[in-house]
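What follows is a short report on a single structure.
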Protein chains: 2
Amino acid sequence: MSLVRSRPPIARADIVIRRLKAIAHLGDDAEALFASLSDVHSLPAGAELVTERDTMERPRYLLSGWAAKVRWLPDGRRQIFNFMVPGEGLGVCMRPNPLALSTVVALTPLQYVDAGPVQRALLSDDDRWNDLREAIHVASSLGEAYLLSQIMRLGRQTAYERLCHLLLEIRDRLLLVGMASETHFAMPMTQETLADATGLSIVHVNRILQQLRRERLLELQAGKAHLRDPAALAAIADYKAPQPSEAAHRFRH
Amino acid sequence: MSLVRSRPPIARADIVIRRLKAIAHLGDDAEALFASLSDVHSLPAGAELVTERDTMERPRYLLSGWAAKVRWLPDGRRQIFNFMVPGEGLGVCMRPNPLALSTVVALTPLQYVDAGPVQRALLSDDDRWNDLREAIHVASSLGEAYLLSQIMRLGRQTAYERLCHLLLEIRDRLLLVGMASETHFAMPMTQETLADATGLSIVHVNRILQQLRRERLLELQAGKAHLRDPAALAAIADYKAPQPSEAAHRFRH
DNA sequence: CGCCACATTGATCCTCTTCAAAGCGTGTGG
DNA sequence: CCACACGCTTTGAAGAGGATCAATGTGGCG
């Protein structure tokens, strides 16, 4: 597991602040806390950030690149539970998972920052961090919503619907951190990755993507996604965006 | 939504205590707190305990009967995210979900108890409830593990494997509260319910159950399940029980 | 140039769905 | 006590969605 500590941290936790501000209210103290995070690490594609059943190490925030929470069956079948996009946290929670429930794999080269200070703030009884706790709660709730969407896709949607739904979810997650527009975003995933996320075969993913292309609903090439008709895609997939901000308003008030 | 308050509460929260003690260490204070819960309600089969996107009301513990967290697609397709068996909690968490992420439906007539006092203890800053917080954390972590198992089943397992896996998981969850032996437990579910949980059609569930019966791996009739060869089932499904207790030991120490 | 990872295509197979009907058990009303 | 209805299970036949196998195409890169 080759950890490389970048001396002058190019990537900063700004993206994390952006995300948390998008889903909750974050005070100046909390913002300063994130801005002070500087223990940045890099990993190559394919590296494991976390190994299933290991004790969860230090909490982290992804600054750049993509990761996926995965599990394998003994015969090699792989399922992706969830993606991690920049700005999202890993093991940062009021409930520090003692044992990792899944392996986390880098899908691309990535950078993350150690969130030890955030974790300490969370677990302290200092009221100054109440808004931070709220934001983390909302983030955690969002994470659960993503898992439920995944179950819905896998259990009751067709291949066609699954892909539309997943792409819309990814767009919205990138939208939260300012890395997407309504119609365009970077998606550096192979079709194999998409297949492991949607529970399909590579070949079938390829064919469905071609269909979506033919129907002028989607372009997907060179790591760039272009949703040519987001409304149509949402109708196909019965896609509804989670409402984190509304949740934030009601919490603790 | 006909709520019936039973005057002399026949069902007590003993089963909740039993479950939490099985997955964590629970002090006398916490045990007394649960024992004092007395606001018991009953619901008929088919009633909704929680409606998706409603604000989450009072936290509860299921005392008897079965429930399921579900979501529907517009055309009527239904997916069950997770079951709830007696002893399990709903909305009891350091993170009180502001908006319910799924509808919760009573699969059988059931009883639950209002857990307002538990929630207040959790959110207080009284150190006396630290072990309670730990137990709730472990329970919440277990809940997430069940969601991940569900994703694995739906995404990458065959119908045959899914049913074996799900039945073993249910057995273990009932085992936690003393409502199952290694091989026998009550399972008052229709095949339709099983289908909605496994993402299969009713007809196919029926055929797979028959196959398991023919192979002398399983009996399932009159609401009773009999796993005739749990080891073989586990091998088929690559089933591994979650380890909540080990987790509990490491937490906060 | 040649290698490698990834995308694409065609053909065939099979798991699972759908549709339709018939059995079965239980509770209810006449 | 029987008739009937209703919910659930079971069975058969046909069809579709997706998997698998195998090969070819394509682009980046040492």
Side-chain angles (χ1 to χ4, degrees), chain A residues 44-46 66 68 73 75-80 105-109 153-166 186-214 218-226 236-237, chain B residues 44-46 66 68 73 75-79 105-109 153-166 186-214 218-225 236-237:
Chain A
W66 289 61
L73 289 172
D75 64 1
R77 281 174 287 177
R78 184 176 84 149
Q79 178 63 41
I80 291 180
V105 177
L107 295 177
T108 67
R153 279 191 293 264
L154 296 173
R156 285 301 185 212
Q157 292 198 300
T158 64
Y160 189 68
E161 293 165 335
R162 283 181 215 183
L163 278 165
C164 296
H165 197 285
L166 179 61
M187 213 191 54
M189 278 195 261
T190 66
Q191 295 184 356
E192 178 171 19
T193 302
L194 232 30
D196 287 341
T198 51
L200 301 167
S201 67
I202 306 178
V203 172
H204 201 56
V205 165
N206 182 286
R207 290 188 169 126
I208 300 290
L209 289 179
Q210 288 177 52
Q211 183 184 350
L212 288 166
R213 227 172 269 150
R214 275 198 308 277
L218 174 71
E219 293 299 327
L220 194 56
Q221 36 189 289
K224 307 273 178 198
H226 173 197
I236 288 165
Chain B
W66 289 61
L73 288 174
D75 65 0
R77 282 175 286 177
R78 185 176 81 150
Q79 178 62 42
V105 177
L107 295 176
T108 67
R153 280 192 292 264
L154 295 174
R156 286 303 185 209
Q157 291 198 299
T158 65
Y160 188 68
E161 293 165 334
R162 283 181 214 182
L163 278 164
C164 296
H165 197 284
L166 179 60
M187 214 192 51
M189 279 196 259
T190 66
Q191 295 183 356
E192 179 171 16
T193 301
L194 231 30
D196 287 340
T198 51
L200 302 167
S201 67
I202 306 179
V203 171
H204 201 55
V205 166
N206 182 286
R207 290 189 169 123
I208 300 289
L209 290 178
Q210 288 177 53
Q211 181 183 352
L212 288 167
R213 225 171 269 150
R214 276 196 308 275
L218 173 71
E219 293 299 327
L220 193 57
Q221 37 188 287
K224 307 273 178 202
I236 289 165

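Source: prediction; values computed, not measured. Residue numbers begin at 1 in each chain, while the letters A, B, ... track the order of the sequences.
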Open item on the list: It should be established whether A:Gln210 places a side-chain nitrogen or oxygen under 4.0 Å from OP1 or OP2 of nucleotide C:dT9.
Closed with: yes
- [ ] Classify the nucleic acid contact of A:Arg162 as base, sugar-phosphate or nothing, counting any heavy atom under 4.0 Å across all strands shown.
- [x] nothing
TODO: Can you run down the salt bridge (charged side-chain N to carboxylate O under 4.0 Å, His left out) pairs that involve residues 198-210 of chain B, sequence neighbours left out, and say none if there aren't any?
DONE: none
TODO: Apply salt bridge (charged side-chain N to carboxylate O under 4.0 Å, His left out) to B:Arg153 and list each qualifying residue two or more places apart in sequence or on a separate chain.
DONE: B:Glu169
Task: Pairing residues for A:Arg213 by the side chain to side chain donor-acceptor pair (under 3.5 Å) criterion, not counting sequence neighbours - done: none
TODO: Could you check A:Thr190 against B:Val205 and say which one's nearest nucleotide on DNA chain C is further toward the 5' end?
DONE: A:Thr190
Open item on the list: Whether A:Gln221 contacts C:dA7 is assessed here as follows: a side-chain N or O lying under 4.0 Å from the phosphate OP1 or OP2. Is that the case?
Closed with: no
Task: Counterpart residues, side chain to side chain donor-acceptor pair (under 3.5 Å), relative to A:Gln191 (two or more places apart) - done: A:Asn206
TODO: To the nearest Å, give me how far apart CG (A:Leu163) and P (D:dG17) are.
DONE: 15 Å
Task: Whole-Å distance separating the CG atom of A:Leu209 from the C1' atom of C:dT9 - done: 15 Å
Task: Interatomic distance, A:Leu107 CG vs C:dA5 C1' [rounded to whole Å] - done: 16 Å
Measure all distances between protein nitrogen or oxygen atoms and nitrogen or oxygen atoms of nucleotides 21-25 of chain C, and list the pairs falling under 3.5 Å.
none

Open item on the list: Can you identify which nucleotide, out of C:dT8, C:dA7, D:dT9, has its nearest atom closest to the B:Gln191 side chain?
Closed with: D:dT9
Task: Partners passing side chain to side chain contact (heavy atoms under 4.5 Å, CB included) against B:Gln211 (at least two apart in sequence or in another chain) - done: B:Tyr160, B:Ile208, B:Arg214, B:Glu215
Task: Heavy-atom closest pair, residues B:Leu154 and B:Arg162 - done: O-NH2, 3.5 Å
Task: Distance, rounded to the nearest Å, where A:Ile208 contributes CD1 and C:dT9 contributes P - done: 14 Å
Task: Non-neighbouring partners of B:Glu219 that pass salt bridge (charged side-chain N to carboxylate O under 4.0 Å, His left out), sequence neighbours left out - done: B:Arg228
Task: Euclidean distance, atom CD of residue B:Glu192 to atom C1' of D:dT10 [Å, nearest integer] - done: 15 Å
Task: Any residue of residues 193-204 of chain A with a heavy atom less than 4.0 Å from an atom of DNA chain D - done: A:Gly199, A:Leu200, A:Ser201, A:Val203, A:His204
- [ ] Not counting sequence neighbours, which residues clear side chain to side chain contact (heavy atoms under 4.5 Å, CB included) with A:Ala68? List them please.
- [x] A:Val70, A:Ile80, A:Phe83, A:Leu107
Contact list (N/O, under 3.5 angstrom) for nucleotides 26-30 of chain D vs protein:
none

Task: Value in whole Å for how far the C1' atom of C:dT18 lies from CZ of B:Arg77 - done: 14 Å
Open item on the list: Which residues pass the side chain to side chain donor-acceptor pair (under 3.5 Å) test with A:Thr108, not counting sequence neighbours?
Closed with: none
Open item on the list: Is the shortest side-chain heavy-atom distance between B:Leu194 and B:Leu209 below 4.5 Å?
Closed with: yes
Task: Partners meeting salt bridge (charged side-chain N to carboxylate O under 4.0 Å, His left out) with B:Arg78 (sequence neighbours left out) - done: B:Asp196
Task: Rounded distance in Å - CE (A:Met187) to P (C:dA7) - done: 10 Å
TODO: Look at the side chain of A:Arg207 against the base of D:dG17 and say whether a donor-acceptor pair falls under 3.5 Å; ignore hydrogens and angles.
DONE: no
TODO: With DNA chain C as reference, determine whether A:Arg156 or A:Asn206 sits nearer its 5' end, using the nearest nucleotide of each.
DONE: A:Asn206
Task: CD/B:Glu192: more than 12 non-hydrogen atoms of other groups inside 6.0 Å - done: no
Task: Nearest-Å distance for atom pair CE/C1', residues B:Met189 and D:dT9 - done: 16 Å
